[in-house]
Amino acid sequence: MDHPVIISGDQLLVLDPHQDSSKVCQTMKLKKLHRYKKMKVDDCLKAFSGVFGFDQNTLESGHFKGTIFRFPLRQEETKLSDNIYDKSKVDDLFMSFKDEAPVSLLFLKCLESITLLREESESKTGYIGEKIFSVCIDETTTEAVRSARKDMRSQIQGLGNTLPSDPIANSYNMKINVEDDARNATCRSWKVMNLFQGENKMSSTLQKLSNDDSLSYSPYVGVAMDMDCPLDLKGHVFCFLPLPLTEKSLSGLPIHVNGFFALSQSRRFVKWPTADQIRNHTHTDKSIQWNQALVIEVLSEVYSSFLQELVKESSKLKDLNAHATAVSQCIPNTNEVDEHWRILIPPLVKKLKNTKVFFTTNEGGKWISKDQAVFLRSNKIPSGHGVESTIRRILEMYQQNTVEVEDHVWETLELQEQEEVTPDIINRILRTSDAYTSCSNDDKFNLIRYLLSDGQYNSLEGLKLLPLQNGSYIKFTGNNIHSCEIYMVPPSKIKLFVGMEDKLLQTLPTDVQAKFEDIIGT
């Protein structure tokens, strides 16, 4: 019950943790099992016969095509553990796997499918049990994923114990199918990128840690994003398989992160410095230094490359806007990122500084750098009256490289010094041509509302936005507002001024009229 068994190819391995370290692993040839005194062939056949094609013929041929791991349930306390496993605990294990299954294949190097089967009968008839759950790479992406994985695996294996001079990387799109016992099926689309950092791009610190035999870690990091862009995705941390789901295994990033991280002794958490160690600058543990270097140098590199590849992929599509949402959502929200993972933000922002990762619909859609953009944050435009729609139409009319950004993107990428849509910017745009004069009355009133929203009443000076009763618009000037050239007359009195329509202000919306009264009052 404490003896896991592994069968693969022509070998059978028995693990006996009760033995001393030199005898824990006992390897035997399948074809010669009958020669081992401690191995009862009949017991082996009883345990495996009929399972995945293992039978007497397998022993006679001495070869099993595949690998079987057998973990017998502990049904009574032993010196190794008093943790007894029964059916309910196995069901709990299955249930916990189901929660992680949809992402379990993302970063594995070979595995393409996992199926949970339940067999409660002791008789072995070749039937391997009822399928209760499965997760697999969809056949439409299997070959591409397999090829990308194999290529990277062979390159890394060819290194031996050395580091590559240049980075080794791969990326692939993969669809993952999940099916439960009720035949309910789901399919999610993912994009995955992996990077084995090259020595030429490492700091001296990372080089030293990578060559440290006491660590024996590889500078390997991967990222994956759900291309359906769910807003509630919580970035999970992987060490090829997802770490047990707890708050500490969530990074707060909008993508999943895999890496050769140094883990806690329980292998449940990534090792990070404690609050005291951070405060006193005493986190000298090499494992902690490794994790920090891996995040700062390698994760920031693959994260930046991932974003730029999303941009390149969209450029190959007819709909350039296809990946705009994904790129935007891929930008971390600093306020939501776990404190230990925030060390990623500065190097990532630095790498993205001059890259074209901002999408504008101008000129049919294109990707631009931040210095080419006019950023629009919709929550900074007054609500009501359709003002935002008017401002968008003006930006389009004047062919501005408008880039709409969420507040977290604005903050994380430190865009405060960049050009942003404000009353002053719109004012300057309007003065480049008279195109705005063709706008509807509603749009012109909205322009007045927006331009005056910052209290700068002289901002209308020289713009043809002064509405007259005859339906025309003339330029705002100090003379026509503060002299008696144009008159503001109550709507009920307008009929008394027949023939003076070119001297009377148009009947205005209440809020706009109030602003005009303020202008006249000043």
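The heavy-atom pair separating L206 from M202 by the smallest distance is CD2-CG, 3.8 Å. When all heavy atoms are compared, the tightest approach of C239 to G259 is SG-O, 3.5 Å.
The pair K23-D16 does not count as a salt bridge, with every side-chain nitrogen at least 4.0 angstrom from each carboxylate oxygen.
Side-chain polar atoms of K286 and S214 form a donor-acceptor pair below 3.5 angstrom. For the 3.5 Å distance criterion, the side chains of T334 and T412 qualify, holding a donor opposite an acceptor. For the residue pair S369 / Q372, a side-chain donor-acceptor distance below 3.5 Å is found, with atom types taken as modelled. For the 3.5 Å distance criterion, the side chains of S171 and E309 qualify, holding a donor opposite an acceptor.
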Step-by-step salt bridge (charged side-chain N to carboxylate O under 4.0 Å, His left out) determination, K271 to D285:
CA-CA 10 Å; K271 292 180 73 172; D285 185 323; 3.4 Å; yes
Can F375 and F358 be said to form a ring pair (Phe, Tyr, Trp, His ring centres under 6.0 Å), step by step?
CA-CA 9 Å; F375 291 100; F358 300 101; 5.2 Å; yes
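Taking the side chain as every heavy atom from C-beta outward, F238 and V257 never approach each other to under 4.5 Å. Looking only at side-chain heavy atoms (C-beta outward), L105 and L108 come within less than 4.5 Å of each other. Between L195 and V298 there is a side-chain heavy-atom pair separated by less than 4.5 Å. A 4.5 Å side-chain heavy-atom check between Q329 and P254 finds every atom pair outside the cut-off. A 4.5 Å side-chain heavy-atom check between W290 and S210 finds at least one atom pair inside the cut-off. At least one side-chain heavy atom of F97 sits less than 4.5 Å from a side-chain heavy atom of S104. Between L413 and K370, the closest side-chain pair of non-hydrogen atoms is not below 4.5 Å.
Judged by distance alone, with hydrogens and angles left aside, the side-chain atoms of D86 form a donor-acceptor pair with the main-chain N or O of K89 at under 3.5 Å. Remark: side-chain polar atoms of H408 are paired, donor with acceptor, to backbone N or O of I331 under 3.5 angstrom. A donor-acceptor pair under 3.5 Å is absent between the side-chain atoms of S218 and the main chain of Y220, judged by distance alone.
Checked against I137 for a side chain to side chain contact (heavy atoms under 4.5 Å, CB included), the options R146, E143, M174 give a single hit: M174. For the side chain to side chain contact (heavy atoms under 4.5 Å, CB included) test with K131, the passing option among L116, D180, L117 is L117; the others fail.
In this structure, F64 has its ring center at least 6.0 angstrom away from the ring center of F52.
More than 12 heavy atoms of other residues, nucleotides or ligands sit less than 6.0 Å from atom CD of Q56.
Between F240 and F260, the ring planes lie perpendicular to each other; the angle is over 60°, past the 30° to 60° tilted range.
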